[in-house]
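Here's the structure, in structure tokens; my notes come after.
Bear in mind that the values here come from a model prediction, so they are computed numbers and not experimental data. Letters go in sequence order (proteins before strands), and every chain restarts at 1.
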Amino acid sequence: MPQVFDFKHCLSFLTRSPREALHVCDGDRVVKLIRSDSGHVLFEVSEKNKGALHVQLLNSTPTAKVRASVESYIREWFDLDTDITPFYALASRDRHLKELVKKYHGYRIVGHPDLFESLVWAVIGQQINLGFAYTLKQRFVEQFGERLHVNGAAYYLFPDPVVVAELDPEFLYPLQFSRQKSKYTVGIAQAFASGELSKEKLKAMSLQEAKEMLMKIKGIGNWTANYALMKTFHFPDAFPLEDAGLHNALKQKLKLDRKPTLAEVMKVFRKYKGWEAYATLYLWKTI
DNA sequence: CGCCAGGTTAGAG
DNA sequence: CTCTAACATGGC
């Protein structure tokens, strides 16, 4: 466990929507279903002592192999392998972020280890409010994702791209996906199904290369690509420059009576070169 | 009712 | 290259 980690801040992010379909928060714990080489694994994460996570497997024999895959999932999920102290050094000298990093000390990128999920979630969230985005995701997951019942509760996996690739985009209209989003979602799934796109491929690339590869796909622009690179690969310099939430946070921080221009956004971010993703993450906390 | 939401694309100028 | 309409719908 890294020195600088606060589970409670991450948990509070995980509970931000009552319509979240991909994990269940219950007080101080979160329960999640994942796919592993040894089948579906349902696990619970809580905090034992401050900074020490406690993991319990709920549906499978805790073999060494299963334990290892759950641990590696959690390390990715909470971005535990990134040393964020250089970011804090920059932020503590910046009047705009100084208080934020103090208040949310130990908060990390709560990511999406599943790249397909990351991209589709970003597409769903384009140009609509977050509440409605969660409604769309819930419908999509409940209709097309695998489900596991344990002790009367239902847990879902994010839909498999192989399944989604076979859908006619029209099947998504009843979920209230726009025509554009329906087409993009199926198109992204097809890129995975055909092997054109995969997490392994992007993992080997630089930020710039990965971004270019993603942006060749219809529906993935600069914002979506950076969002996914931040959430799935934890590129600390991924920067969703066009993000409306970020703009609103800066409007408040800079005491503007309008949204900042892109130039003004970039000016604030000049001092966070290499840490744009974390600066964005903390600014999102203000809205 | 009007405007903005964790934007992107195609098409026009 | 830059500018704009269209996209669907919820929340304030």
Side-chain angles (χ1 to χ4, degrees), chain A residues 10 12-22 79 100 104 107-112 114-140 143 158 169-191 197 211-235 238-253 256-266 268-269 276-287:
Chain A
C10 295
S12 102
F13 174 79
L14 289 171
T15 55
R16 72 181 173 154
S17 171
R19 296 198 201 81
E20 175 59 64
L22 295 176
D79 195 21
L100 272 176
Y104 298 107
Y107 178 48
R108 285 163 178 270
I109 293 173
V110 178
H112 302 128
D114 177 350
L115 178 61
F116 179 58
E117 175 194 335
S118 200
L119 292 168
V120 171
W121 171 233
V123 165
I124 286 175
Q126 287 171 4
Q127 183 56 26
I128 58 174
N129 64 69
L130 216 44
F132 185 43
Y134 272 105
T135 300
L136 296 184
K137 182 172 93 160
Q138 181 180 35
R139 291 174 182 158
F140 181 66
Q143 175 142 10
F158 196 77
E170 286 185 19
F171 293 168
L172 299 177
Y173 299 173
L175 312 190
Q176 291 184 290
F177 276 50
S178 66
R179 280 135 219 272
Q180 277 181 334
K181 283 184 187 176
S182 302
K183 202 165 41 173
Y184 297 161
T185 300
V186 173
I188 291 168
Q190 287 169 346
L197 183 61
K211 199 187 300 184
E212 280 167 18
M213 165 138 231
L214 287 173
M215 287 177 64
K216 276 190 280 190
I217 297 167
K218 288 273 169 286
I220 303 179
N222 188 64
W223 177 84
T224 305
N226 277 289
Y227 178 86
L229 291 169
M230 163 180 177
K231 291 291 228 173
T232 299
F233 298 101
H234 313 118
F235 279 105
F239 184 18
L241 173 66
E242 303 86 345
D243 186 80
L246 177 62
H247 296 175
N248 279 328
L250 286 177
K251 175 184 171 186
Q252 203 180 306
K253 279 281 169 213
L256 301 171
D257 55 0
R258 47 156 181 88
K259 302 269 282 268
T261 62
L262 293 183
E264 287 169 326
V265 178
M266 287 190 274
V268 173
F269 273 74
E276 291 86 345
Y278 265 89
T280 301
L281 187 78
Y282 278 78
L283 282 165
W284 275 341
K285 271 288 180 192
T286 63
I287 46 155

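- A:Ile220 comes within 4.0 angstrom of sugar-phosphate atoms only, judged by non-hydrogen atoms across all strands, and of no base.
- Put simply, the side chain of A:His112 never gets that close to the backbone of A:Phe233: no donor and acceptor are under 3.5 Å apart.
- Counting only heavy atoms from C-beta outward, the side chains of A:Thr286 and A:Leu100 approach each other to under 4.5 Å.
- When every heavy atom of A:Leu175 is checked against every heavy atom of A:Arg139, the shortest pair comes out as O-NH1, 3.1 Å.
- Using a 4.0 Å heavy-atom cutoff across all strands shown, A:Leu241 reaches no nucleic acid atom at all.
- Remark: A:Asn222 is not in phosphate contact with B:dG7, judged by side-chain N or O atoms under 4.0 Å from OP1 or OP2.
- Listed for the A:Gln252 side chain is no donor-acceptor partner under 3.5 Å among the backbone atoms of A:Ala249.
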Please tabulate, one pair per line, each protein N/O and nucleotide N/O from nucleotides 10-12 of chain C that are separated by under 3.5 Å, including the distance.
| unit_1 | atom_1 | unit_2 | atom_2 | d |
| --- | --- | --- | --- | --- |
| C:dG10 | N3 | A:Asn129 | ND2 | 3.1 |

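- Regarding A:Leu172, its CG atom lies at a distance of 13 Å from the P atom of C:dT9, rounded to whole Å.
- Atom P of nucleotide B:dC3 and atom NZ of A:Lys251 are separated by 15 Å, given to the nearest angstrom.
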Please list, for nucleotides 2-7 of chain C, all pairs of protein and nucleotide N/O atoms separated by less than 3.5 Å.
| unit_1 | atom_1 | unit_2 | atom_2 | d |
| --- | --- | --- | --- | --- |
| C:dC7 | O2 | A:Gln180 | OE1 | 2.7 |

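- Inter-residue side-chain proximity for A:Thr280 and A:Asn226 is flagged as unmet; no heavy-atom pair is nearer than 4.5 Å.
- Rounded to an integer number of Å, the gap from A:Asn248 CG to B:dA5 C1' is 9 Å.
- With the nearest nucleotide of DNA chain B identified for both A:Trp284 and A:Gly219, A:Trp284 has the one nearer the 5' end.
- In this structure, the side chain of A:Tyr278 engages the main chain of A:Ile109 through a donor-acceptor pair within 3.5 Å.
- For the pair A:Leu246/A:Phe239, a side-chain contact is recorded, criterion being any heavy-atom separation below 4.5 Å from C-beta on.
- Distances were taken from every side-chain heavy atom of A:Lys218 (C-beta onward) to each of B:dT9, B:dG7, B:dA5; the shortest belongs to B:dT9.
- Rounded to whole Å, the distance from CG on A:Asp243 to P on B:dA5 is 10 Å.
- Here the P atom of nucleotide B:dG7 and the CG atom of A:Leu262 are 12 Å apart, to the nearest Å.
- Rounded to a whole Å, the CD1 atom of A:Ile128 is 13 Å from the P atom of B:dT8.
- At the heavy-atom level, A:Thr135 lies nowhere under 4.0 Å from the strands shown.
- A distance of 11.0 Å separates CD1 of A:Ile124 from CG of A:Leu119, quoted to the nearest 0.5 Å.
- When the nearest nucleotides of DNA chain B are assigned to A:Tyr184 and A:Gly125 by heavy-atom distance, the more 5′-ward of the two goes with A:Gly125.
- In this structure a side-chain-to-backbone donor-acceptor pair under 3.5 Å is present from A:Ser182 to A:Ser178.
- With a 4.5 Å cut-off on side-chain heavy atoms, A:Glu276 and A:Leu241 do not count as touching.
- Looking at heavy-atom distances under 4.0 Å, A:Lys259 makes contact with sugar-phosphate atoms alone, never a base.
- Atom CG of A:Leu246 and atom C1' of B:dG7 are 14 Å apart (whole Å).
- Rounded to an integer number of Å, the gap from CH2 of A:Trp223 to C1' of B:dG7 is 7 Å.
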